[in-house]
Amino acid sequence: MIKKIFCSFVACVGLTAAAAASAADDWPNRPITIIVPSGAGGSTDNVARLVSEQLSKQLGQAVVVENKAGASGIIGLQAALRAPADGYTFVIAYPSNLIASQFIMKDLPFDAKRDFVPISGLAINEMVLSVNSSIPVTNPRELVEWAKSKSGDVTYGSYGQGSYAHMVAHYLGSKNQIDALHAPYKSEQPMLIALAGDEIAYGISVVTAGKRMQDTGKTRMIGMFSPHRSTVYPDIPTFKEMGIDDPAFSLLGWNGLFARKETPPEILQKMEKTLLDIMSVPEMRERLVAISSLPWGSTSKALDEVWTAEIPVYRALSESAGIVKQ
């Protein structure tokens with residue numbers, strides 16, 4: 001009897017594995033959806049549409065981009081978890097919705113590490129610190145000394161309470177005894193307009209947006225949040241160069257493709273290989289640069305390592321900012 005039960009179990013496992021392999025061999029046989037947890041026209045959406053176009057050519061199926069914005073990217077991740085784990089729904093995630101959310105949002109409806117699996121890092125948006133052009137500083141260290149001399153008469157801006165720009169600017173102040181007031185704005189552009197109008201002294205933005213405002217002559221980019229100088233804007237010093245050596249000031253604004261963890265591994269491997277092939281093509285990399293995104297094209301392992309390494313950094317940032325979960 002035991003032998004019969006064991007044989008039946010082995011046969012069942014064999015059939016299940018064969019079915020999974022068959023599904024992977026046949027994948028994809030219908031359209032694929034990539035969920036973008038932000039609005040149309042933004043940097044993440046632009047990357048997704050370039051990638052989906054090339055995926056469609058490589059896989060021979062339509063790849064549809066669906067924008068599901070809201071709740072700092074949480075709604076898009078929830079939508080991905082509600083879809084079947086069959087390899088036909090993927091989601092683009094980034095540090096604010098995948099990592100920072102767990103430290104700033106109460107009753108988060110998912111556990112990112114438990115529920116999602118990384119497939120490939122796609123692109124990077126570099127972040128930069130800018131000041132109003134009237135402030136006589138040219139690098140982060142000079143800004144720290146200038147702000148400390150103002151004895152609390154300094155205001156910095158961000159694109160929202162709990163945003164990366166808020167947490168990092170607050171962290172910079174707490175680590176350097178800067179007494180500065182936080183002015184949150186609804187998004188990046190109003191914050192930069194306020195910076196140009198001398199309503200605030202400094203703020204953090206995507207480097208391309210910072211460059212556009214700098215071109216007006218009303219702001220100045222003075223510090224890159226990166227482990228090394230930008231290949232696109234090599235004249236901007238990094239925080240580390242200026243003696244401010246902390247992982248919090250080397251975080252990159254990356255985005256990557258993820259799926260539900262229960263998705264068949266054979267499908268995940270096929271998607272990863274296809275993306276690596278796509279991202280290695282010079283024309284694709286040039287098109288990403290043209291939309292102000294640095295091509296990444298990492299393996300699932302490399303993306304997972306970055307994701308894991310940044311979790312304690314974002315925890316420290318949220319704790320420093322004294323953010324109460326909403």
Would Tyr233 and Gln214 satisfy side-chain contact (heavy atoms from CB on, under 4.5 Å), going step by step from the backbone distance to the final call?
CA-CA 12 Å; Tyr233 303 101; Gln214 178 177 271; over 6 Å; no

Show the numbers, then the answer: is there a side-chain contact (heavy atoms from CB on, under 4.5 Å) between Ile200 and Tyr156?
CA-CA 5 Å; Ile200 56 177; Tyr156 67 89; 5.8 Å; no

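- By the rule that hydrophobic residues join a cluster once side-chain heavy atoms approach within less than 4.5 Å of another member, Ile75 and Leu77 end up as members of separate clusters.
- Of the possible polar contacts, none joining the Lys68 side chain to the Gln78 backbone as a donor-acceptor pair under 3.5 Å is found.
- Using a 3.5 Å distance cut-off with no hydrogens or angles, the side chains of Asn125 and Tyr94 do not pair a donor with an acceptor.
- Between Asp304 and Lys113 there is a salt bridge, since at least one side-chain N of the basic residue sits less than 4.0 Å from a carboxylate O of the acidic one.
- Put simply, the side chain of Ser56 never gets that close to the backbone of Glu53: no donor and acceptor are under 3.5 Å apart.
- In plain terms, the two heavy atoms of Pro37 and Gly76 that are nearest each other are CB-CA, 3.9 Å.
- One finds the CG atom of Leu172 at 7.0 Å from the CG atom of Leu129 (value rounded to the nearest 0.5 Å).
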Does Ile92 form a side-chain contact (heavy atoms from CB on, under 4.5 Å) with Leu122? I'd like the steps, not just the answer.
CA-CA 9 Å; Ile92 290 186; Leu122 301 178; 3.9 Å; yes

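- Using a 4.5 Å heavy-atom cutoff, the side chains of Glu66 and Val36 are not in contact.
- Aromatic ring orientation, Phe110 versus Phe116: perpendicular (interplanar angle above 60°, classes split at 30° and 60°).
- Panel note: side chain Arg260, backbone Ala80; no donor-acceptor pair is recorded below 3.5 Å.
- In this structure, CG on Leu143 lies 10.5 Å from CZ on Arg220, to the nearest 0.5 angstrom.
- By the 30° and 60° cut-offs, the orientation of the rings of Phe90 relative to Trp27 is perpendicular.
- At least one side-chain heavy atom of Glu145 sits under 4.5 Å from a side-chain heavy atom of Arg141.
- In the hydrophobic clustering of this structure, Ile291 groups with Met279; members are Ile, Leu, Val, Met, Phe, Trp, Tyr whose side-chain heavy atoms approach within less than 4.5 Å, directly or through other members.
- Between the Glu310 side chain and the Trp307 main chain, no donor and acceptor come within less than 3.5 Å of each other.
- When the options Lys211, Met213, Arg212 are evaluated for a side chain to side chain contact (heavy atoms under 4.5 Å, CB included) with Thr219, the one that passes is Met213.
- Counting heavy atoms from C-beta on, the side chains of Glu142 and Met242 never come closer than 4.5 Å.
- Within a 6.0 Å radius of CG in Asp277, other residues, nucleotides and ligands contribute more than 12 heavy atoms.
- Salt-bridge check for Glu272 with Lys301: failed, with every basic side-chain N at 4.0 Å or more from each acidic carboxylate O.
- The shortest non-hydrogen separation linking Leu98 to Ala93 is CD1-CB, 3.9 Å.
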What's the verdict on side-chain contact (heavy atoms from CB on, under 4.5 Å) for Phe258 and Leu303, showing C-alpha distance, side-chain angles and the deciding distance?
CA-CA 10 Å; Phe258 291 76; Leu303 175 55; 3.7 Å; yes

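- Relative orientation of the Tyr164 and Tyr314 rings is tilted, given thresholds of 30° and 60° on the angle between their planes.
- Tyr185 and Leu181 fall into different hydrophobic clusters, where Ile, Leu, Val, Met, Phe, Trp and Tyr side chains are chained together by heavy-atom contacts under 4.5 Å.
- Taking every heavy atom of both residues into account, Ser38 and Asn67 meet most closely at O-ND2, 3.0 Å.
- Proximity of a side-chain donor or acceptor of Asp245 to a complementary backbone N or O of Lys240 within less than 3.5 Å is not detected.
- Taking the side chain as every heavy atom from C-beta outward, Ile236 and Arg229 never approach each other to under 4.5 Å.
- Of all the heavy atoms in Met167 and Ile104, the pair that sits closest is SD-CG2, 4.5 Å.
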Set out, in order, the CA-CA distance, both residues' side-chain angles and the distance that settles side-chain hydrogen bond (donor to acceptor under 3.5 Å, both in side chains) for Ser230 and Glu126, then state yes or no.
CA-CA 8 Å; Ser230 170; Glu126 296 174 308; 2.8 Å; yes

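- Aromatic ring centroids of His182 and His166 lie under 6.0 Å apart.
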Output, in order, the C-alpha distance, side-chain angles, deciding distance and verdict of side-chain hydrogen bond (donor to acceptor under 3.5 Å, both in side chains) for Thr238 and His228.
CA-CA 7 Å; Thr238 66; His228 45 72; over 6 Å; no

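- Listed for the Ser298 side chain is a donor-acceptor partner under 3.5 Å among the backbone atoms of Gly121.
- Ile124 CD1 to Asn255 CG: the interatomic distance, rounded to the nearest 0.5 Å, is 9.0 Å.
- Put simply, the side chain of Thr263 never gets that close to the backbone of Ala259: no donor and acceptor are under 3.5 Å apart.
- Annotation for Asn46 and Gly41: closest pair ND2-O, 3.5 Å, computed over non-hydrogen atoms.
- Side-chain atoms of Glu305 and Thr308 form no donor-acceptor pair, as typed in the model, at a separation below 3.5 Å.
- A donor-acceptor contact shorter than 3.5 Å is absent between the side chain of Ser320 and the backbone of Leu317.
- Judged purely by atom type and a 3.5 angstrom limit, Ser250 has no side-chain atom pairing as donor or acceptor with the backbone of Pro247.
- With Glu199 contributing its side chain and Leu195 its backbone, the two residues share no donor-acceptor pair below 3.5 Å.
- Put simply, NZ on Lys175 and CZ on Phe249 are 8.5 Å apart, with the number rounded to the nearest 0.5 Å.
- For Arg30 and Tyr88, the positive end sits near the middle of the six-membered ring, less than 6.0 Å away and at most 45° from its axis.
- For the residue pair Gly157 and Met191, the shortest heavy atom distance occurs at C-CG, 3.7 Å.
- Taken from OG in Ser300 to CG in Leu276, the straight-line distance is 8.0 Å, to the nearest 0.5 Å.
- The cluster map of Ile, Leu, Val, Met, Phe, Trp and Tyr, joined by side-chain heavy atoms under 4.5 Å apart, puts Leu55 and Val64 in different clusters.
- Side chains of Ser205 and Val128 form a contact here, defined as non-hydrogen atoms less than 4.5 Å apart.
- Going from atom CG of Leu59 over to atom CD1 of Ile278 covers 7.0 Å, rounded to the nearest 0.5 Å.
- For the pair Asp115/Lys261, no side-chain contact is recorded, criterion being any heavy-atom separation below 4.5 Å from C-beta on.
- With contacts defined as side-chain heavy-atom distances shorter than 4.5 Å, the pair Val154/Asp179 does not qualify.
- For Lys218, the NZ atom sits in a loose shell: 12 or fewer heavy atoms of surrounding residues, nucleotides or ligands are nearer than 6.0 Å.
- Between Ile35 and Thr89 the shortest side-chain heavy-atom distance falls below 4.5 Å.
- Note: the hydrophobic cluster containing Val137 also contains Met224 (ILVMFWY, side chain heavy atoms under 4.5 Å, direct or indirect links).
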